[in-house]
Amino acid sequence: MMKLALFIFLLISSLGTLAQTKKESTSAALESNEPLNLEKGKKVWMLTYFRQRYPTRIEIDAKGNTVEVPLPDPMQVEKLHIALSTDGRHWTPLNDNQPLWEQPMRDPYVRRGPDGLWRILATGGGKGNDREKVGPSCLYITSKDLIHWQVEKPLPLMKDARNEAGAFAGNIWAPEWFYDAKTKEYVLIWSSSFKDAGWKESRLWSCRTRDWKTFTPAKVFFAPPYSVIDGTLVENKGTYYLYHKEEEFGVKTGERRSIRVATAQNLAGPYRLVEGPLNKGQIVPVITEGPTVMKDPVKPGWLLLYDYCMTNRFGASYSPDLINWKVEEKVSFPSEARHGCVSLLTPEEAQTLIKTYSGKK
């Protein structure tokens with residue numbers, strides 16, 4: 001009976017996912033190979049990402065057992081990739097969608113600081129530290145021009161955090177940073193779990209730094225009534241919007257791996273959940289993760305980009321107010337792109353990237 005229950009759950013889950021995604025244009029799965037047309041005076045946006053096709057989809061049966069469902073044609077290129085766009089909906093990969101750098105990394109969060117320096121935080125990088133003494137680490141990298149990169153050091157952000165048994169967390173996933181102009185501090189945000197898998201009972205954590213040398217002790221930043229990963233922050237008119245992935249799934253909870261949003265009037269919180277219209281509180285279809293937000297280059301409003309991690313494609317939704325989102329149908333992204341981060345470039349920076357990595361003018 002348990003096998004039958006699991007089979008029925010997997011079937012319903014798959015049909016539900018297909019029903020949602022069928023409403024979207026199949027162009028979302030297309031790889032953009034069109035040459036980028038940089039019109040004079042037009043803004044250019046950069047999408048940084050890594051590439052992967054998951055080997056399995058993890059499910060939880062009625063007894064709480066983990067079941068791995070094989071997925072076709074697995075691959076992973078955990079290195080830095082860049083694509084460019086002028087409309088936020090159609091993205092052209094540089095270097096034929098191959099890595100721009102051989103440094104291993106996942107979830108590359110690339111943003112320019114107030115000092116003009118580009119900073120990457122990425123999942124991975126723990127090999128430079130003694131994990132037995134400081135716990136997991138993430139990778140910290142800098143660049144002045146998006147061409148030449150410098151690995152600064154692995155950051156053991158959870159070194160001061162232990163569970164009741166005195167054990168370290170098992171992971172630091174999808175670290176990001178947000179500059180607090182009020183305090184002139186960088187706020188680092190990531191997810192960690194003390195369980196045997198990073199997606200179990202995960203919380204968003206944070207710390208602060210002014211110089212990227214000393215960091216405040218890690219503390220819980222966001223603890224909703226579900227496991228949470230992939231947090232990203234946006235500030236608009238004094239309100240902070242925390243987009244994140246609800247990481248719940250299984251026979252008991254149903255398929256709930258998707259993006260939600262919470263808001264606060266202070267960067268440090270408390271953040272209150274906004275009840276989205278999909279799947280009892282979510283704002284985009286399942287199964288999705290890795291949200292990043294940008295101002296819409298085409299019309300007033302915002303774009304939320306995210307990847308359909310189990311079906312190997314990217315999606316986008318539009319909102320006039322950062323709360324109410326509608327899926328954009330006509331979009332194209334680089335194939336196998338995962339966990340993007342969007343930044344605004346100058347036209348000169350975009351031209352330099354194109355010349356350096358593709359030879360196109």
Salt bridge or not for [X] and [Y], using N-O below 4.0 Å?
X: E255; Y: R57; result: no
X: R257; Y: E59; result: yes
X: R338; Y: E336; result: no
X: D196; Y: K200; result: yes
X: R260; Y: E275; result: yes

Scan F222, W190, W173 and name whichever one has a ring-ring contact (aromatic ring centres under 6.0 Å, His included) with H244.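 With H244 as partner, F222, W190, W173 yield a single ring-ring contact (aromatic ring centres under 6.0 Å, His included), made by F222.
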What are the two closest heavy atoms between F168 and A161, and how far apart are they?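 Distance-wise, the nearest heavy atoms are CD2-O, 3.8 Å.
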How close do N129 and P154 get, counting heavy atoms only, and between which atoms? ND2-O, 3.4 Å
Consider only side-chain N and O atoms of Y140 and R119, and report whether a donor and an acceptor are under 3.5 Å apart.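 Yes.
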Assess the residue pair K79 and L100 against the criterion (side chain to side chain contact (heavy atoms under 4.5 Å, CB included)); give the C-alpha distance rounded to whole Å, side-chain angles, the decisive distance to 0.1 Å, and a yes or no. CA-CA 8 Å; K79 297 174 182 177; L100 277 61; over 6 Å; no
Would you check if the distance from the ring center of [X] to the ring center of [Y] is below 6.0 Å?
X: F221; Y: Y271; result: yes
X: W199; Y: F249; result: yes
X: Y318; Y: W325; result: no

Per the side-chain hydrogen bond (donor to acceptor under 3.5 Å, both in side chains) rule, which among Q76, H339, E78 passes with Q52? Q76
Could you walk me through whether T48 and W118 pass the side chain to side chain contact (heavy atoms under 4.5 Å, CB included) check? CA-CA 12 Å; T48 55; W118 291 93; over 6 Å; no
Considering only distance and modelled atom types, tabulate donor-acceptor pairs under 3.5 Å from the side chains of residues 290-299, sequence neighbours left out.
from: T292; atom 1: OG1; to: V342; atom 2: N; distance (Å): 3.2
from: D296; atom 1: OD1; to: R89; atom 2: NH1; distance (Å): 2.9
from: D296; atom 1: OD1; to: V298; atom 2: N; distance (Å): 2.8
from: D296; atom 1: OD2; to: R89; atom 2: NH2; distance (Å): 2.7

May I have the step-by-step check of side chain to side chain contact (heavy atoms under 4.5 Å, CB included) for W101 and V151, ending in yes or no? CA-CA 12 Å; W101 188 26; V151 176; 3.6 Å; yes
Shared hydrophobic cluster for L94 and V44 (ILVMFWY, side-chain gaps under 4.5 Å): yes
Return each pair, listed once, that meets ring pair (Phe, Tyr, Trp, His ring centres under 6.0 Å) where at least one residue sits in residues 49-83; pairs must be two or more places apart or across chains.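 For residues 49-83: Y49-H81.
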